[in-house]
Amino acid sequence: MRLKLLGAGGGRLGSLAGLGRSGAGALALPGCLLYTRTGAAPHLSHDTLREVRGVPGVAHIALPALAEIHDVLEEYKEGAAKFMGMPDAVLYCSLHDPVTPCPSGYNTNKTVSLWGSSGRMEMTASKFMDIQRAIQPDWFQCISDGDTISGEAGRKRAKKSVDRSLSFLDICLQLQEKSPELQGSVMFGAIEGGDILEERLRSARETAKRPVGGFLLDGFQGSAMAKETKLKLIASVTAELPEDKPRIIHGVGKPDEVLECIERGVDIFESFFPFQVTERGCALVFSYNYHPDPEATVLTQNGTQDLEKNGAQEDQVEVPKGDPEMTPFEISLKDKKYHDDFGPLLEGCSCYCCQRHTRAYVHHLLVTNELLAGVLLMMHNFQHYFGFFSAIQDALRDSKLDQLKELVFRQALQGPADATLRQ
Amino acid sequence: RSRALKMAAPAAGPVPVLRIAAECGRSRARAGELRLPHGNVPCPVFMPVGTRGTAKGLTAAQLAALGCRICLGNTFHLGTRPGAELVRRSGGLHGFMDWPHNLLTDSGGFQMVSLLELSEVSEEGVRFQPPHGGEEILLSPEKSMEIQNALGADIVMQLDDVVSSTTTGPRVEEAMDRSVRWLDRCVAAHARPQQQLLFAIVQGGLDPALRRRCIRAMTQRDVPGFAIGGLSGGEDKAQFWRTVKLSAELLPRDKPRYLMGVGYATDLVVCVALGCDMFDCVFPTRTARFGSALVPWGSLQLKNHQFAKDFRPIDADCGCPTCQRYSRAYLHALLRSNTAALHLLTLHNVAYQMKLMSSMRESILQQRFPEFVREFMDTMYGGRGGPPPWAREALESVGITLD
């Protein structure tokens with residue numbers, strides 16, 4: 001694995017190359033992983049996934065689902081990627097699934113608990129490595145104690161998360177040396193420490209001393225930590241890390257938060273966010289077209305119509321109805337107003353769904369509980385999200401990150417109405 | 001009688017729908033193609049059911065890639081949600097689904113049976129209390145045609161008075177006679193005979209005399225095709241095949257015969273032998289969503305623990321996208337966490353049905369249909385004590401003997 005940085009300001013523009021068994025895998029940075037559930041993109045078969053443009057070169061699987069079939073993988077012997085029908089994929093195995101809640105209070109000095117479809121699994125470092133030997137991932141998160149996100153963790157608990165995680169790391173590194181199956185796998189060290197700056201710095205420095213291939217910023221999931229604290233800690237942590245190793249963060253998916261993390265030295269994100277959007281029957285429509293288009297300002301009439309269609313008459317704010325998790329970056333296709341909206345999910349989007357179907361059709365599929373709704377929305381949401389990362393790379397290259405930030409942050413406050421049309 | 005003849009509308013276009021390319025020398029099986037507005041369809045054909053304008057978890061592109069050239073939509077369901085007018089404004093059901101090939105819409109008649117609690121039949125039509133709330137609907141022959149004209153399918157079905165195949169007594173006759181009258185009303189109300197082919201549906205339950213009378217009456221109307229309705233509802237298989245055989249033999253040779261609601265592999269093979277050309281059934285797509293994969297020797301319930309470490313594909317000879325890439329063990333694991341598993345199974349099951357039909361068709365064209373049937377039965381029932389008696393009798397009745 002080779003990390004190359006292109007020295008752009010405002011973020012680490014670059015690439016990872018030489019990935020995977022074949023060494024032909026690559027990932028543009030800043031970038032995201034392809035979120036999968038047991039090795040398949042949610043709702044999507046291999047051929048429907050192929051219709052999505054910009055699919056990242058590294059796929060993300062969560063350990064719990066694979067731990068539940070440990071015996072199957074052991075008998076199979078040839079590794080999880082091949083078992084899951086993706087022999088050429090580059091696979092990153094995280095400890096937890098970003099979408100499954102992890103109840104607090106179950107970790108010990110020697111064990112970490114995981115949650116899968118059959119309930120809780122308690123894992124030692126040794127057992128963890130046994131399973132990784134059967135999985136044979138290209139990258140994997142070292143077992144760590146990240147149980148500091150419930151908001152009740154104090155200084156002591158934060159210190160424990162660092163101590164335990166370092167202890168696990170050392171055990172796992174030793175075990176990796178003795179495992180022929182894992183010689184080609186890159187271990188990512190998890191940086192813990194809750195919301196305590198000292199502990200975060202200690203974790204970063206100590207983890208960086210170990211021969212890990214990359215770093216994972218863990219314990220930033222959820223909403224208990226104050227935003228300012230979160231951002232400050234992320235910046236402090238990455239400042240302690242070597243430039244030449246990738247930094248992944250878990251639990252961050254919203255576009256504005258992604259940009260904030262990129263500015264603070266994070267390279268790689270998960271793509272569970274478009275999946276969550278899909279599950280609530282929504283479509284991502286936020287703009288990342290930061291090129292100011294003079295012609296667009298003339299088209300005020302069309303713009304107004306679009307705003308009205310989005311129900312944004314009053315304050316140009318898409319008031320999220322129904323699902324409380326809904327963000328300003330999406331529209332809810334279940335809303336009755338889309339019943340006879342014959343436009344695409346997002347004007348100008350080139351995804352399979354937007355090229356062939358209408359909001360009215362997707363609305364109908366949602367209302368009648370048809371499985372195809374999830375398929376079409378997932379295709380759109382993934383493509384849009386992957387396009388966002390592509391735009392981030394372009395913006396860094398063009399030194400236009402500020403414009404992109406401004407565009408995205410404005411939508412974070414005001415909703416997806418096309419801001420440039422209102423100039 | 002002459003009044004009834006005057007009510008018949010001319011068939012869509014002078015070109016007959018069915019072109020027979022070959023007939024089996026022993027049984028009544030035929031192979032050919034259906035010439036439909038959105039392209040030719042090889043037959044015998046199995047039509048997957050996409051009730052609400054979606055072939056369940058498959059995209060239109062996937063369904064077409066499997067070789068499907070005609071599938072079904074449902075008038076009752078689409079008429080209620082999203083409503084005929086909205087579908088019409090979407091470019092008809094073709095536009096709504098983005099389906100470039102053929103579509104067939106059922107009239108809504110079957111819902112009379114399936115939603116029995118919520119429906120009430122009279123000469124006027126069927127009154128439904130919609131299952132999802134809203135006003136009562138009267139589905140009359142005229143209303144059904146209106147909806148089907150808006151949906152724009154290539155083949156539309158008459159509204160028939162459907163009774164469950166296990167019903168006995170005067171209701172069966174009443175429904176049959178009423179279906180003939182409703183056929184005339186459908187023909188009269190059909191606003192687009194050039195673009196959409198209206199098929200009649202033969203009723204009469206399991207009573208040969210009623211079936212005969214129905215066919216005699218309906219064949220006096222000049223419709224481009226006939227369906228055999230009112231079967232596949234849990235009736236005794238011995239009576240089922242006899243009714244299919246009788247109906248097929250009384251229906252004209254040169255028009256397609258559509259046996260509604262039939263989709264199990266064995267039933268398809270037998271009914272092709274009995275002279276049917278078109279079939280539809282929710283079974284293959286529905287059973288996929290329960291984790292069941294169809295194979296030439298039966299089915300695999302992939303949720304069962306026995307498949308957890310079975311690293312073979314569903315069927316090594318299948319060749320569908322699912323079998324090319326995934327093992328039974330992986331599908332077993334995926335079923336727990338990802339709807340993609342359901343779609344992969346749906347893909348496989350539709351591919352299985354398509355392959356079964358095209359194999360049958362090939363064998364008829366090559367004059368070896370009886371051998372095909374024997375091989376099929378052997379593969380399916382070889383280890384299990386032989387084919388069911390009803391299938392054996394049915395095949396023998398058309399000159400195909402099994403060992």
Side-chain angles (χ1 to χ4, degrees), chain A residues 36-51 62 64-66 68-69 71-78 80 82-87 97 99-100 116-118 339-340 342 352-353 355-358 360-365 367-376 378-379, chain B residues 50-62 65-66 77-78 80-83 85-87 89-91 95-100 132 285 288-289 307-311 313 320-322 324-327 329-348:
Chain A
T36 74
R37 293 176 73 74
T38 319
H43 306 300
L44 305 183
S45 60
H46 178 79
D47 46 357
T48 45
L49 179 63
R50 243 197 344 230
E51 304 259 18
L66 298 179
E68 283 173 339
I69 53 168
D71 59 334
V72 177
L73 291 171
E74 266 190 343
E75 192 164 315
Y76 183 72
K77 292 185 179 49
E78 296 179 76
K82 195 158 174 220
F83 174 70
M84 300 183 307
M86 32 147 84
D97 186 308
V99 157
T100 311
S117 57
S118 20
H339 163 77
D340 58 352
F342 296 114
Y352 177 93
C353 182
Q355 288 299 297
R356 291 164 172 250
H357 294 296
T358 61
Y361 184 60
V362 177
H363 171 83
H364 162 72
L365 295 175
V367 161
T368 54
N369 285 312
E370 285 287 340
L371 289 167
L372 191 62
V375 176
L376 295 177
M378 192 75 263
M379 292 172 85
Chain B
T51 308
R52 295 181 189 83
T54 152
K56 297 307 162 181
L58 302 184
T59 61
Q62 281 178 304
L66 290 171
H77 288 295
L78 289 167
T80 4
R81 300 184 297 183
E85 182 52 23
L86 188 101
V87 176
R89 286 169 61 198
S90 299
F96 195 53
M97 292 173 64
D98 192 44
W99 179 246
H132 300 276
T285 41
R289 297 194 301 281
F307 295 108
K309 293 182 186 171
D310 189 338
F311 302 122
C320 82
T322 301
Q324 279 177 1
R325 189 168 281 270
Y326 302 112
S327 67
Y330 177 58
L331 292 166
H332 172 84
L334 194 63
L335 277 164
R336 271 195 239 144
S337 68
N338 195 333
T339 64
L342 305 178
H343 308 326
L344 290 170
L345 290 183
T346 304
L347 250 174
H348 167 79

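Naming: A, B, ... by sequence-line order, numbering from 1 per chain.
- The minimum heavy-atom distance linking B:Ala61 with A:Glu51 is given by the pair CB-OE2, 4.3 Å.
- With a 4.5 Å cut-off on non-hydrogen atoms, B:Leu331 does not touch chain A at all.
- Both the backbone and the side chain of A:Ala40 come within contact range of chain B, judged by heavy atoms closer than 4.5 Å.
- Comparing A:Met379, A:Met86, A:Glu75 by heavy-atom pairs within less than 4.5 Å of chain B, the highest count is held by A:Glu75.
- For A:Ile69, the part sitting under 4.5 Å from any heavy atom of chain B is the side chain, from C-beta outward, and nothing else.
- Taking OG of A:Ser45 as the start and CG of B:Leu334 as the end, the distance is 10.5 Å to the nearest 0.5 Å.
- B:Arg336 contributes atom CZ, which lies 5.5 Å from atom CD of A:Glu68 (distance to the nearest 0.5 angstrom).
- Contact annotation for A:His339: both backbone and side-chain heavy atoms come within less than 4.5 Å of a heavy atom of chain B.
- When every heavy atom of A:Tyr352 is checked against every heavy atom of B:Thr59, the shortest pair comes out as OH-CB, 3.3 Å.
- With a threshold of 4.5 angstrom between heavy atoms, B:Leu86 approaches chain A through its backbone and through its side chain.
- If you measure heavy-atom distances from B:Arg89 to chain A, the contacts under 4.5 Å come from both the backbone and the side chain.
- The distance from the CZ atom of B:Phe96 to the CG atom of A:Leu365 is 6.5 Å, given to the nearest 0.5 Å.
- Note: A:Asp47 CG to B:Gln62 CD = 4.5 Å, rounded to the nearest 0.5 Å.
- In terms of heavy-atom proximity, B:Ser327 sits nearest to A:Phe83 at OG-CE1, 4.2 Å.
- Within the 3.5 Å criterion, the main-chain N or O of A:Lys82 finds no donor-acceptor partner in the side chain of B:Tyr330.
- Only the side chain of A:Phe342 comes within contact range of chain B, with at least one heavy atom under 4.5 Å from a heavy atom of that chain.
- Taking every heavy atom of both residues into account, B:Gly57 and A:Leu371 meet most closely at CA-CB, 4.1 Å.
- Proximity to chain B involves both the backbone and the side chain of A:Val72, based on heavy atoms less than 4.5 angstrom apart.
- Contact count versus chain B (heavy atoms, under 4.5 Å) is highest, among A:Leu66, A:Val367, A:Leu73, for A:Val367.
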**Study point:** Criterion side chain to side chain contact (heavy atoms under 4.5 Å, CB included) on A:Asp71 and B:Lys309, from CA distance to verdict
**Key:** CA-CA 9 Å; A:Asp71 59 334; B:Lys309 293 182 186 171; 3.5 Å; yes

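- Looking at A:Ala373, there are no atoms closer than 4.5 Å to chain B (heavy atoms on both sides), in backbone or side chain.
- Residue B:Pro82 touches chain A through both its backbone and its side chain, counting heavy-atom pairs closer than 4.5 Å.
- Between A:His46 and B:Arg325 the shortest heavy-atom distance is NE2-NH2, 3.1 Å.
- The minimum heavy-atom distance linking B:Asn338 with A:Arg37 is given by the pair ND2-O, 3.2 Å.
- For chain A, the nearby part of B:Leu78 is the side chain; its heavy atoms alone come within less than 4.5 Å.
- The CG atom of B:Leu344 lies 10.0 Å from the CG atom of A:Leu44; values are rounded to the nearest 0.5 Å.
- Using the six-membered ring where Trp is involved, A:His43 and B:His343 have ring planes that are tilted, between 30° and 60° apart.
- In this structure, OG1 on B:Thr54 lies 8.0 Å from CG on A:Leu376, to the nearest 0.5 angstrom.
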